[in-house]
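Heads up: the structure comes next, in structure tokens.
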Protein chains: 2
Amino acid sequence: MAEAGIWMESTSNRERRSGCPISIALETIGDAWSLLIVRDLMFKGHKTFNDFLSAGEGIASNILADRLRKLDAAGIVVKQVDAEDARRFVYRLTDRGIALAPVLVELVIWAARFEDTDAPPAVVGEMESNRDGFLAGVWEAWVRGDS
Amino acid sequence: MAEAGIWMESTSNRERRSGCPISIALETIGDAWSLLIVRDLMFKGHKTFNDFLSAGEGIASNILADRLRKLDAAGIVVKQVDAEDARRFVYRLTDRGIALAPVLVELVIWAARFEDTDAPPAVVGEMESNRDGFLAGVWEAWVRGDS
DNA sequence: CCGGATCCGTTTCGATACTG
DNA sequence: CAGTATCGAAACGGATCCGG
């Protein structure tokens with residue numbers, strides 16, 4: 001992998017850690033909670049603050065508020081007034097957020113293969129054997145606007 | 001789960017999460033440094049403690065030692081005596097570690113698409129258009145034992 | 001030198017209480 | 001419902017020290 005080594009090299013580590021894409025990506029989603037929020041939006045149909053709050057993993061409300069703010073600032077989610085109930089807010093993935101689907105899919109495949117998870121083997125198998133089709137389905141569901 | 005009894009250790013939310021594969025994966029690699037270490041092993045040919053330490057992103061030595069220990073405990077890396085110099089140690093990816101390659105590739109693609117990175121478009125294009133071939137190359141390089 | 005371990009000030013996290 | 005405020009606990013980071 002000599003070719004890959006060239007552009008991964010970092011020389012300026014001053015302000016931003018480096019221009020390496022992995023480093024940059026982890027600056028915005030490389031914490032314990034951000035990708036779980038994206039997962040809830042993408043696969044679990046969660047939309048509201050309380051949806052995330054009671055999502056099972058038990059994120060604290062202050063941390064959740066902070067992460068939603070950062071994900072918003074990073075252009076991964078947007079906060080909108082609920083069209084069906086103007087008193088409420090809904091969070092929604094942007095195109096940049098939905099584009100994280102392949103990352104999540106690979107995480108699922110990796111974890112299901114090497115760790116003890118409760119992922120249904122049928123779903124994981126579909127992700128592996130029909131990866132492009134699965135991702136297309138995620139994209140279509142997002143375009144349709146349902147969960 | 002709060003009032004289970006005062007003699008019972010209060011179980012923190014951070015420790016035991018759900019069985020969701022993404023949640024499980026992020027428990028082991030969902031921090032700011034672990035995936036960068038895997039990247040250094042996979043693409044930059046880094047092997048030793050000092051390689052990682054001076055990798056540009058500037059991890060502190062105590063944090064690095066902690067992460068290497070955890071990655072070892074998670075079966076993602078192994079620590080071995082250097083075959084060429086018995087005074088030194090080398091870290092190496094396990095099969096479980098090299099299996100993270102698709103995750104890293106998707107992170108590169110995502111970041112290159114939406115963030116300002118210094119990844120050469122040619123390499124990213126290759127990752128996208130010839131994804132399986134690229135991953136096969138990573139696997140082969142790992143099997144051959146070079147970086 | 002290499003591969004950490006230890007100490008310590010600073011930052012972030014997490015749990016709960018509270019508010020508009 | 002959708003967050004803040006508060007405060008102790010934990011993690012981080014930098015510097016230094018240490019055994020081999």
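Predicted model, so just to flag it, every value in this text is computed and none were measured. In the text below, chain A, chain B and the rest are named by the order of the sequence lines, each starting its count at 1.
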Original post:
Nearest nucleotide by nearest heavy atom, which residue falls closer to the 5' end of DNA chain D, B:Asp66 or A:Leu68?
Top reply: A:Leu68
Original post:
Atom NE2 of A:His46 to atom P of D:dA2: distance rounded to whole Å?
Top reply: 13 Å
Subject >> Base D:dG14 paired with B:Asn62 side chain (donor-acceptor, <3.5 Å) >> reply: yes
Original post:
Which nucleotide, D:dG3, C:dG4, C:dG14, lies nearest any side-chain atom of B:Lys79?
Top reply: C:dG4
**OP:** Would you tell me if any nitrogen or oxygen in the side chain of A:Trp33 comes within less than 4.0 Å of OP1 or OP2 on C:dT12?
**Re:** no
Subject >> Protein-nucleotide distance (A:Ile63, atom CD1; D:dA11, atom P), rounded to Å >> reply: 14 Å
Original post:
Can you check the B:Asp31 CG to D:dC12 C1' distance for me, whole Å?
Top reply: 11 Å
**OP:** Could you state the atom-to-atom distance from CG of B:Leu64 to P of C:dG3 in whole Å?
**Re:** 10 Å
Original post:
Less than 3.5 Å between a donor and an acceptor, one on the side chain of B:Ser61 and one on the base of C:dA5, is that the case here?
Top reply: yes
Original post:
Which atom pair, heavy atoms only, marks the closest approach of B:Ala55 to B:Lys44?
Top reply: O-NZ, 3.5 Å
**OP:** Please indicate whether A:Asp85 has more than 12 foreign heavy atoms, meaning atoms of other residues, nucleotides or ligands, lying under 6.0 Å from its CG.
**Re:** yes
**OP:** Please report, rounded to the nearest Å, how far the C1' atom of C:dG4 is from the CG atom of B:Asp72.
**Re:** 14 Å
Subject >> Enclosure of A:Arg113 CZ (heavy-atom neighbours >12, cutoff 6.0 Å) >> reply: no
Original post:
Do the non-hydrogen side-chain atoms of A:Asp51 and A:Leu41 ever get within less than 4.5 Å of each other?
Top reply: no
Original post:
Under 4.0 Å between a side-chain N/O of B:Arg87 and OP1 or OP2 of D:dG19, yes or no?
Top reply: no
**OP:** Tell me what B:Ala65 touches on the nucleic acid: a base, only sugar-phosphate, or nothing, going by heavy atoms under 4.0 Å.
**Re:** sugar-phosphate
Subject >> Distance, nearest 0.5 Å, that separates CZ of A:Phe134 from CD of A:Glu128 >> reply: 11.5 Å
Original post:
Closest nucleotide of DNA chain D for B:Lys70 versus for A:Arg88: which of these residues is on the 5' side?
Top reply: A:Arg88
Original post:
What nucleotide, of C:dG4, C:dA15, D:dG3, holds the atom closest to the side chain of A:Phe49?
Top reply: D:dG3
Original post:
How many Å lie between CD1 on B:Ile59 and P on D:dA11, as a whole number?
Top reply: 15 Å
Original post:
What's the closest nucleotide to the B:Arg69 side chain, out of C:dA5, C:dC13, D:dA2?
Top reply: C:dA5
Subject >> Short side-chain N/O contact to D:dG3 OP1/OP2 from A:Tyr91, under 4.0 Å >> reply: yes
Original post:
Has A:Arg67 got a side-chain N or O lying under 4.0 Å from the OP1 or OP2 atom of C:dG14?
Top reply: no
Original post:
Taking atom P of D:dT4 as reference, at what distance in whole Å does atom CG of A:Asn50 sit?
Top reply: 14 Å
**OP:** Figure out the NZ/C1' separation between B:Lys47 and C:dC2, and round it to whole Å.
**Re:** 16 Å
